[in-house]
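Everything below concerns the one structure shown next.
Values in this document were obtained by computation on a predicted structure and should not be read as measured data. One is the number of the first residue; the rest follow in order along the sequence.
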Amino acid sequence: MQKILKIVLVVLGVFGAILWFQLPDGDAPASEAVNSTPMSLMFMITYLLLGIAVVVSLGYTLKNLFSSGASIKKALTVIVGFAVICIASYALASGTDIDLAEMADSGNPTTEGTVKMIGAALNVFAVLTVIAVGAMVLPGIKRLFSK
């Protein structure tokens, strides 16, 4: 399987290099460059490789997730924690942070619900950022004081 994968990747790499040299020159109009066959084929290769990467990574993730009960329990704990953060962030968000009439006058008609969802997303981002920074800093502080 590994040899077949390497051969396929080498073939796709050579095919991509050939397409690279067939791209229109820099002097060509942008509309011609975008609609060229080599460009379209390069995008197809990119989408194919991206799709393969997503399927393989999702497959390995699910395989490892369902390998033991402890990993399923840990994943459910994280999912429930994320849901709690999202619900709390939505509850704390206010939809009255901005003047809706002024937004409509500037060409951006919004509703109170949209403003509340944006506020909730910002709250989730802030909480997850604090958690991520804490997860990076706390082990270093523990190691500093344990020695």
Side-chain angles (χ1 to χ4, degrees), residues 1-24 26 30 33-36 38-147:
M1 182 68 180
Q2 184 110 3
K3 287 183 180 182
I4 294 171
L5 183 63
K6 285 183 181 181
I7 291 171
V8 168
L9 289 176
V10 167
V11 168
L12 286 175
V14 169
F15 187 59
I18 291 169
L19 290 174
W20 177 266
F21 288 110
Q22 291 181 346
L23 287 173
V34 169
N35 294 325
S36 69
M39 182 69 78
S40 298
L41 290 174
M42 289 179 83
F43 276 119
M44 284 185 203
I45 291 172
T46 302
Y47 294 142
L48 174 72
L49 292 175
L50 180 63
I52 290 170
V54 167
V55 167
V56 169
S57 64
L58 188 61
Y60 280 117
T61 300
L62 291 175
K63 180 185 142 211
N64 290 336
L65 178 65
F66 293 116
S67 64
S68 69
S71 62
I72 293 173
K73 183 179 177 183
K74 186 174 181 180
L76 286 175
T77 304
V78 170
I79 291 170
V80 168
F82 182 70
V84 167
I85 290 171
C86 289
I87 291 168
S89 295
Y90 185 77
L92 293 174
S94 170
T96 59
D97 296 342
I98 61 169
D99 185 16
L100 298 177
E102 187 177 325
M103 288 293 289
D105 290 342
S106 68
N108 298 317
T110 57
T111 64
E112 189 174 328
T114 304
V115 174
K116 186 167 182 158
M117 286 298 288
I118 292 170
L122 290 172
N123 290 343
V124 168
F125 177 76
V127 170
L128 293 178
T129 301
V130 168
I131 291 171
V133 169
M136 290 186 292
V137 170
L138 287 178
I141 292 173
K142 283 184 181 179
R143 266 189 261 129
L144 184 67
F145 289 116
S146 68
K147 290 184 178 183

Review point. Does any non-hydrogen side-chain atom of Val124 lie less than 4.5 Å from one of Tyr90?
Key: no
Check your understanding: Looking at OG1 of Thr46 and CG of Leu41, how far apart are the two atoms once the value is rounded to the nearest 0.5 Å?
Key -> 10.5 Å
With a 3.5 Å cut-off and sequence neighbours excluded, list the donor-acceptor pairs that the side chains of residues 1-14 form with protein atoms.
none

Review point. Is the closest side-chain heavy-atom distance between Leu19 and Leu23 below 4.5 Å?
Key: no
Point to revise | Inter-residue atom distance Ser94.OG - Glu112.CD, 0.5 Å rounding | key: 7.0 Å
Exercise for review: Enter the distance from Leu128:CG to Asn123:CG here, rounded to the nearest 0.5 Å.
Suggested key: 11.0 Å
Point to revise | side-chain hydrogen bond (donor to acceptor under 3.5 Å, both in side chains) partners of residues 49-69, not counting sequence neighbours, each pair once | key: Ser68-Ser71
Check your understanding: What heavy-atom pair brings Pro139 and Gly134 nearest, and what distance separates the two atoms?
Key -> CD-O, 4.0 Å
**Study point:** OG1 on Thr111 to NZ on Lys116, rounded to 0.5 Å
**Key:** 12.0 Å
Study note, to complete from the structure: Here the pair of heavy atoms bringing Ala120 nearest to Ala93 is N-CB, 3.6 Å
Practice item. Evaluate the criterion side-chain contact (heavy atoms from CB on, under 4.5 Å) for residue pair Ile118 and Thr110; output intermediate values, then yes/no. Key: CA-CA 11 Å; Ile118 292 170; Thr110 57; over 6 Å; no
Hey, can you pull the donor-acceptor pairs under 3.5 Å for the side chains in residues 74-81, sequence neighbours left out?
{"residue": "Thr77", "atom": "OG1", "partner": "Lys73", "partner atom": "O", "Å": "2.7"}

